[in-house]
Amino acid sequence: MPTESTALTGSAAKPAVAIRFSWLNSKDDVQTAMVTAPESHMLKSSTGPIYRIVAIRIQAGLEVGYADTMRKLLGALALSCLVLAQGIDDNTNAKIRKEEAERSQVMHTLHMLADRYGPRMTGSPNHEAAVQWVIKQFTEWGMKNAHREAWDFARTGWLNERASGFIVSPVRQNLKFEVVAWTPSTAGTVSGSVIQLELPQGPMPAPAATDANAAPAGGRGARAGAARGGGGGGAGFGGPQRLGPTKDQMDQWLEANKSKIRGKAVMIGKAAVVPVNFNPPALRRPDDQVKASYDPNNPNGGRGGRGGGGGGGGARGGNQDPNRMSANQVAEAVDAWLLANGALVRLGDSPMEHGIIRVAQHRGYDSTKTIPEVVLRNDDYGRIERLLADGEDVKAEFNIVNHDYPEGKTSYNVVGEIPGTDKADEIVMLGGHLDSWQSATGATDNGIGSSIMMEAARIIQALGLKPRRTIRVALWSGEEEGLLGSLAYVKQHFGTFEDPKPEFAKLDCYFNVDTGTGRVRGGSVFGPPDAAAILRRALDPFADLGVFGASATGSRATGGTDSTSFNNAGLPGIGMSQDPIEYNSTTHHTNLDTYERIVPEDVKGDSVVLAAAVWYVANLDQMIPRFTKENMPTPVAAR
């Protein structure tokens, strides 16, 4: 029998509009409810999910002066009904869970990407081989249109083949280090005395005003070169950065020290002091904290997702004093000086505990403009520094073999699809970056993110599910160098809100995973609050896996991860937030970014969550709400 809920009362101060809704519940019983505007804006059912709205009738008119307010209110009512009307398909979610529990391939996929093809430097043969394997795997799974898409990297590829180093006097000991990317080989085995120099530095800068449109500090590339022993006047990784010297000060320093470095291994900067950490970072976020961060009624909430932008980036290697050299200018001067005056190799310090080495690339991406360069473990760097302070003549030996790949100037994203049905021209995308840095195999950053997204698509394909919209997986290259692959793809396929291409209107949203092995806890979507409401509904069934909500962001700044490339264009990018586990503290861009740091139970759960969320969105009647012309945030130049 049809039932009717209690009518809600409108405000006496403003004209009320009574709206009668009728719908079918899961048992195909007709239900009705009277909602009186303006105070009530959510329709709720006490008998389970609403599966299909069958009638909406406005029973009272509007006063002319109140029409605009009520139009917006009715829009909110319609969205509320949409979210409720398209209930979660519990049967399909159960199948998704069962498929992953019984036939998971996510760890095998990671094994191939990390152990077989890692590290996957953009422009390198390893990355190209990984791309070809992904195409093959998509095809074997039954996905369609698996292919690579070229974009202009504009740099040669680079890869380290082998490297060894030793202290040979006054003691004999092997050194633990990683090679800086896009630096040259040594001329065979080279040896020489070690010299330590400290660059001239300026004062600490005045505090910078926060830029509301800046990308989060510490985004991709923000730490490149930070573990180079204070190059550019820095105070070391993670520390406050001093201003650089004046040009006169720098010139005088270079002239005074050039005769000291020929045939030497050069340490620039003091060893960082890395104290024992008595308060190590938590591996998981407490549930109550996560819930609060995603609570739409929490004035301090809405910050749980990743890829939303909005953090203050500060100077980020810039210069607040035009009379002083920037960090990049200092680094360029030092590189040219080392090369011109015959230094053998540059030694940097990795200021991290437990022998962790964090290293990325030489900022110029040109091995002809610098000398061989490595980053030592903090304990090895400190040991040499202390021996030099004793007056010892410390001698070191290195043999480094690196390769440049001119063909790497063209790099590739890799794409595969599950075709849609009645809405096949509309696209739901998911992905992550396939490229990595060189010091390990790129398991947590971001082999596992790519593996999770591949697995989510595999689950949907293996179950024989036929989505309404086409589901497209895209794995990016060039992310570590500045989101280059995803930015190129968005530009080519979609354009921007201000200058759209035909496909712009057809992209529903893009899901992204890129913070290691932790459980997915929620997501952040670029769009109005209505967009977060849809995403929240998609994630609701997975509270048992620690997923607690969604938030909306209006930042179009790029930084951090590839979902912001979509945000930047004005498209709904969704950045998934995860438990930290050891990501920032241990594995991110370090020599410990390996298969062993993955938590299998977490990533299997993540694959379930992403498969179900993608499936839900791909089958909604309407695409995820977007900002309109009236409320689209101001464009921000992609970095």
Side-chain angles (χ1 to χ4, degrees), residues 121-124 153-165 175 177-192 194-199 221 223-234 237 244-245 250-251 253-255 257-258 260-269 317 325-350 357-376 381 396 398-406 408-409 437-439 480-482 589:
M121 297 282 289
T122 298
S124 72
F153 185 41
R155 307 166 175 91
T156 61
W158 181 94
L159 203 61
N160 169 252
E161 177 184 318
R162 64 185 65 186
S164 60
L175 294 168
F177 63 89
E178 297 294 337
V179 177
V180 176
W182 280 279
T183 58
S185 305
T186 57
T189 299
V190 298
S191 60
V194 180
I195 184 173
Q196 184 176 30
L197 300 170
E198 291 187 71
L199 292 171
R223 292 170 175 171
R228 297 183 66 189
F237 179 81
M250 191 69 204
D251 288 344
W253 185 90
L254 295 173
E255 181 64 26
N257 288 286
K258 69 178 185 179
K260 302 176 183 178
I261 63 172
R262 183 167 297 278
K264 303 288 181 63
V266 181
M267 298 168 59
I268 295 182
M325 297 177 71
S326 70
N328 279 342
Q329 289 171 332
V330 170
E332 288 171 4
V334 171
D335 285 337
W337 174 75
L338 291 169
L339 188 61
N341 291 286
L344 292 179
V345 61
R346 178 173 177 170
L347 312 181
D349 174 29
S350 179
I357 302 173
R358 178 168 282 151
V359 63
Q361 85 284 20
H362 184 270
R363 99 219 150 269
Y365 296 94
D366 187 344
S367 62
T368 67
K369 294 183 178 179
T370 187
I371 66 170
E373 183 173 354
V374 303
V375 175
L376 299 176
Y381 195 91
F398 290 90
N399 189 331
I400 301 169
V401 180
N402 300 326
H403 295 285
D404 290 328
Y405 297 95
K409 290 182 178 180
W437 285 124
Q438 72 277 14
S439 57
E480 297 293 7
E481 293 76 27
H589 296 184

Q) Do you know which two heavy atoms are closest between Thr183 and Ile371, and how far apart they sit? A) CB-O, 3.9 Å
Q. CG/Leu175 to CZ/Phe398 distance, rounded to the nearest 0.5 angstrom?
A. 5.0 Å
Q. Is there a side-chain contact between Val330 and Leu199, using heavy atoms and a 4.5 Å cut-off?
A. yes
Q) How long is the gap from CD on Glu332 to OG on Ser326, to the nearest 0.5 Å? A) 7.0 Å
(Q) Minimum heavy-atom separation for Trp158 and Val180, please, with both atom names. (A) CZ2-O, 3.7 Å
(Q) Any non-hydrogen side-chain atom of Glu255 less than 4.5 Å from a side-chain atom of Trp337? (A) no
Q | Nearest atoms (heavy-atom pairs only) where Val359 meets Gln438 | A | CG1-NE2, 4.1 Å
Q: Give a yes or no on whether the backbone of Pro184 and the side-chain of Asn402 come within a donor-acceptor separation of less than 3.5 Å.
A: yes
Q | Main-chain N/O of Thr156 paired with Trp182 side-chain donor or acceptor, under 3.5 Å | A | yes
Q) Can you name the closest pair of heavy atoms from Ile268 and Val266 and give their distance? A) CG1-CG1, 3.7 Å
**Q.** Separation of Thr122 OG1 from Leu159 CG (nearest 0.5 Å)
**A.** 11.5 Å
Q | Distance, nearest 0.5 Å, that separates OH of Tyr405 from CZ of Phe153 | A | 14.0 Å
(Q) Any heavy-atom pair between the side chains of Ile400 and Asn160 that's under 4.5 Å? (A) yes
Q. With a 4.5 Å limit on heavy-atom distance, are the side chains of His589 and Glu480 in contact?
A. yes
**Q.** Donor-acceptor contact present, side-chain Thr189 to main-chain Asn399, <3.5 Å
**A.** no
Q. Roughly how far apart are His403 NE2 and Glu161 CD, rounded to 0.5 Å?
A. 3.5 Å
Q: Over all heavy atoms of both residues, which pair between Ala181 and Met121 is shortest? Give the atoms and the distance, please.
A: CB-CE, 3.6 Å
Q. Could you state the interatomic distance from OG (Ser185) to CZ (Arg162), rounded to the nearest 0.5 Å?
A. 11.0 Å
Q. Closest approach of Leu344 and Gly263, non-hydrogen atoms and distance?
A. CD1-O, 3.2 Å
Q: Please tell me if the side chains of Val194 and Met267 come closer than 4.5 Å, counting only heavy atoms from C-beta onward.
A: yes
**Q.** Pairwise side-chain contact, Arg346 with Asp335, heavy-atom cut-off 4.5 Å (strictly under)
**A.** yes
**Q.** Leu347 vs Phe177, side chain to side chain contact (heavy atoms under 4.5 Å, CB included): CA-CA, chis, key distance, verdict
**A.** CA-CA 9 Å; Leu347 312 181; Phe177 63 89; over 6 Å; no
Q. Between the side chain of Ser124 and the main-chain N/O of Gly157, is any donor-acceptor distance below 3.5 Å?
A. no
(Q) Assess the residue pair Val334 and Met250 against the criterion (side chain to side chain contact (heavy atoms under 4.5 Å, CB included)); give the C-alpha distance rounded to whole Å, side-chain angles, the decisive distance to 0.1 Å, and a yes or no. (A) CA-CA 9 Å; Val334 171; Met250 191 69 204; 3.7 Å; yes
